[in-house]
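Working notes, beginning with the structure itself.
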Amino acid sequence: MISIRHLSKSFQNPDGSVLPVLKDVNCEIGRGEVISIIGPSGTGKSTLLRAINMLEPPTGGEIWVDGENIMAKGARLDLLRQKMGMVFQGFNLFEHKTVLENIIFAPMALRHTGEEEAREEAMELLKKVGMAQKADDYPSSLSGGQKQRVAIARALAMHPEVILFDEPTSALDPTMVGEVLSVIRQLARDGMTMLIVTHEMRFARDVSTRIFFMNEGVIYEDGTPEQIFEHPVRSATKAFVNRIMKLVYEIDSDEFDFLQIHTGINRFCVKYNLTGKADLAWSTVKEMLFTHMRAYRPLTLRFTHAELSGETAMDFMVEGLTHSPLPAGNALDSLRAQVKGIVEEPTARGFRVKVLL
């Protein structure tokens with residue numbers, strides 16, 4: 001459906017120097033494929049999407065869509081963009097139009113659809129994304145997740161052959177991410193061709209037929225989700241997909257700043273969409289530091305989250321210790337009932353208690 005050959009894109013800096021963003025991108029995209037584009041920030045992921053529908057005209061190379069070179073002189077970009085829906089991270093809804101009016105505007109103006117037909121189809125699309133009850137509301141009254149679902153319905157109203165998603169959840173509160181991802185999952189089940197720039201690794205693995213890992217302006221690795229996430233070939237890919245986020249505190253005495261730790265845990269949970277675990281994480285810290293491990297100072301507290309596996313844990317590390325610091329008997333029964341598990345293990349430096357949340 002789409003063939004990209006030696007695509008490049010450069011921007012000119014204010015000082016006159018040239019910044020290459022896309023260097024030599026080559027790929028083939030088949031009809032019905034769902035491709036997630038992942039990689040570090042600044043590696044050209046969003047620029048690639050914007051180049052495909054010519055919002056950012058490439059510097060060089062070729063883009064073929066349904067057998068037509070859309071970079072050729074005289075190519076009908078207006079018709080191209082009707083084939084390609086685009087969902088931005090910033091929603092881009094018309095604030096002075098209702099939800100329904102946002103959706104019927106383009107089909108009536110560009111496809112010359114009659115108003116009654118456009119309204120009927122728009123309501124069907126709003127039902128599909130769970131927003132039919134908001135048809136007469138204005139965007140200012142909607143949450144971020146609701147706005148993004150309306151934006152998806154608006155893109156679908158043009159009957160696109162492919163939809164390009166540019167980090168569709170990055171501007172959302174973590175509590176709203178799931179509602180948007182569930183709509184995209186349904187589109188994947190329906191067979192819609194999609195390219196999705198995302199930082200949601202578990203979602204990318206679940207929904208995609210292929211993964212592009214972009215690095216240094218090129219598609220560094222291209223493969224199935226299983227290949228990219230379980231058997232990556234390139235070291236840069238392996239480092240990216242296995243990344244673990246962590247928060248570390250050194251507890252030297254009972255006079256540590258527990259409010260700082262509480263605030264840090266809450267921020268960590270919001271940042272990595274773990275708000276449902278924030279209260280459990282804090283209650284675990286309090287119980288371990290003030291009850292079960294109060295006699296052990298100094299110790300290192302690590303709060304970790306592995307993005308790919310989804311494992312979240314609290315590590316309590318005591319250097320130089322050769323045995324478990326935890327009490328025997330049933331003192332930990334209440335904690336064990338709330339968490340997924342407690343692992344006690346010696347390390348090269350001492351002894352670690354790992355609480356799986």
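Counting from 1, the numbers follow the sequence of the chain as shown.
- The two residues Leu356 and Glu311 make their nearest non-hydrogen contact at CD2-CD, 3.8 Å.
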Item to complete: Go through Lys134 and Arg149 one step at a time and tell me if the side-chain contact (heavy atoms from CB on, under 4.5 Å) criterion holds.
Response: CA-CA 11 Å; Lys134 299 288 187 179; Arg149 284 186 280 158; over 6 Å; no
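- The distance from the CZ atom of Phe256 to the CG atom of Leu299 is 8.5 Å, given to the nearest 0.5 Å.
- Remark: side-chain polar atoms of Asn13 are not paired, donor with acceptor, to backbone N or O of Asp15 under 3.5 angstrom.
- When atom types are taken as modelled, the side chain of Ser8 and the backbone of Gly60 share a donor-acceptor pair closer than 3.5 angstrom.
- Contact annotation: the side chain of Met158 approaches that of Pro107 to within less than 4.5 Å [non-hydrogen atoms, C-beta and beyond].
- For residues 197-206, the salt bridge (Lys or Arg N to Asp or Glu O under 4.0 Å) pairs, not counting sequence neighbours, are Arg185-Asp206, Arg205-Glu230.
- In terms of modelled atom types and a separation under 3.5 Å, the side chain of Ser143 and the main chain of Gln146 share a donor-acceptor contact.
- Partners of Glu167 according to the side chain to side chain contact (heavy atoms under 4.5 Å, CB included) rule, which considers only residues two or more places apart in sequence or in another chain, are Ser46, Gln89, Ser170, Val197, His199.
- The aromatic rings of Phe258 and Trp282 lie parallel to each other, with less than 30° between the two planes, well short of the 60° mark.
- Contact check on Glu116 versus Arg119 returns no salt bridge, with no Lys/Arg side-chain nitrogen under 4.0 Å from an Asp/Glu carboxylate oxygen.
- Side-chain contact between Val150 and Val129 is absent, with no heavy atoms from C-beta onward closer than 4.5 Å.
- The backbone N or O of Pro298 sits nowhere less than 3.5 Å from a side-chain atom of Asp252 that would complete a donor-acceptor pair.
- Annotation: the span from Phe91 atom CZ to Leu142 atom CG amounts to 10.0 Å, rounded to 0.5 Å.
- Residues Lys83 and Glu68 are not paired through a salt bridge, judged by the lack of any N-O separation under 4.0 Å between the basic side chain and the carboxylate.
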Going through the checks in order, is the side-chain contact (heavy atoms from CB on, under 4.5 Å) test met by Val18 and Phe11? CA-CA 6 Å; Val18 175; Phe11 295 95; over 6 Å; no
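- The existence of a salt bridge linking Arg50 and Asp166 is excluded, since no basic side-chain nitrogen approaches an acidic carboxylate oxygen closer than 4.0 Å.
- In the hydrophobic cluster analysis, where Ile, Leu, Val, Met, Phe, Trp and Tyr join through side-chain heavy atoms closer than 4.5 angstrom, Met123 is grouped together with Val183.
- Ala278 and Ile265 make their closest contact through O-CG2, 4.2 Å (heavy atoms, listed as atom of the first residue, atom of the second, distance).
- In the hydrophobic clustering of this structure, Phe165 does not group with Ile29; members are Ile, Leu, Val, Met, Phe, Trp, Tyr whose side-chain heavy atoms approach within less than 4.5 Å, directly or through other members.
- Side-chain atoms of Ile38 and Phe229, non-hydrogen and from C-beta on, do get closer than 4.5 Å to each other.
- Closest heavy-atom contact between Leu7 and Ala51: CD2-CB, 4.1 Å.
- Using a 3.5 Å distance cut-off with no hydrogens or angles, the side chains of Lys277 and Thr312 do pair a donor with an acceptor.
- Grouping the Ile, Leu, Val, Met, Phe, Trp and Tyr side chains by contacts below 4.5 angstrom, directly or via other members, places Val339 with Leu247.
- Between the side chain of Thr263 and the backbone N or O of Gln260 there is no donor-acceptor pair closer than 3.5 Å.
- If you take CZ on Phe88 and CG on Leu93, they are separated by 11.5 Å, rounding to the nearest 0.5 Å.
- Annotation: the span from Thr284 atom OG1 to Phe303 atom CZ amounts to 9.0 Å, rounded to 0.5 Å.
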TODO: Go through the steps to decide whether Phe203 and Val177 satisfy the test side-chain contact (heavy atoms from CB on, under 4.5 Å), and finish with yes or no.
DONE: CA-CA 11 Å; Phe203 166 75; Val177 169; over 6 Å; no
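- Residues Glu221 and Pro232 form a side-chain contact, since some pair of their non-hydrogen atoms from C-beta on lies under 4.5 Å apart.
- Remark: Glu255 CD is loosely packed, at most 12 non-hydrogen atoms of other residues, nucleotides or ligands lying under 6.0 Å away.
- Formation of a donor-acceptor pair under 3.5 Å by the Arg352 side chain with backbone atoms of Thr347 is not found in this model.
- For the atom pair Leu357 CG and Lys354 NZ, the distance stands at 10.5 Å (nearest 0.5 Å).
- Figure legend: Arg210 and Phe212 shown without cation-pi pairing, the cationic atom not lying both under 6.0 angstrom from the six-membered ring centre and within 45 degrees of its axis.
- Annotation for Asp24: atom CG counts as buried by contact number, over 12 foreign heavy atoms lying within 6.0 Å.
- Between the side chains of Gln186 and Asp190, at least one donor N or O lies within less than 3.5 Å of an accepting N or O.
- In the hydrophobic clustering of this structure, Met201 does not group with Leu274; members are Ile, Leu, Val, Met, Phe, Trp, Tyr whose side-chain heavy atoms approach within less than 4.5 Å, directly or through other members.
- At least one donor-acceptor pair under 3.5 Å links the side chain of Thr59 to the backbone N or O of Ser10.
- Residues Ala75 and Asn69 come closest through the heavy atom pair CB-O, 4.0 Å.
- Across all non-hydrogen atoms, the minimal contact from Ala118 to Ile104 is O-CG2, 3.6 Å.
- For Thr300 and Arg302, the side-chain atoms include no donor-acceptor pair closer than 3.5 Å.
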Worksheet item: Yes or no on side-chain contact (heavy atoms from CB on, under 4.5 Å) for Arg31 and Val162, after CA distance, side-chain angles and deciding distance?
Response: CA-CA 8 Å; Arg31 197 174 301 276; Val162 58; over 6 Å; no
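- Of the inter-residue distances, the one linking Glu56 atom CD with Leu49 atom CG reads 11.5 Å to the nearest 0.5 angstrom.
- Note on ring orientation: taking the six-membered ring where Trp is involved, the planes of Phe240 and Phe213 are tilted (angle from 30° to 60°).
- Heavy atoms of other residues, nucleotides or ligands lying less than 6.0 angstrom from NZ of Lys97 number more than 12.
- Cluster annotation: Val25 and Met1 are assigned to the same hydrophobic cluster (Ile/Leu/Val/Met/Phe/Trp/Tyr, side-chain heavy-atom contacts under 4.5 Å, transitive).
- What you find for Thr198 and Ala204 is that their closest heavy atoms are CG2-CB, 4.0 Å.
- No donor-acceptor distance shorter than 3.5 angstrom exists from the side chain of Ser36 to the backbone of Ile211, with no hydrogens or angles considered.
- You'll find the side chain of Val180 reaches within 4.5 Å of the side chain of Ile152, heavy atoms only.
- Using a 4.5 Å heavy-atom threshold, the side chains of Leu22 and Pro58 count as separate.
- Looking at heavy atoms from C-beta onward, Gln148 lies in side-chain contact with Val87 at the 4.5 angstrom threshold.
- For the pair Glu216 and Lys23, the salt-bridge criterion is not met [side-chain N within less than 4.0 Å of a carboxylate O].
- The shortest distance between side-chain heavy atoms of Pro325 and His292 does not fall below 4.5 Å.
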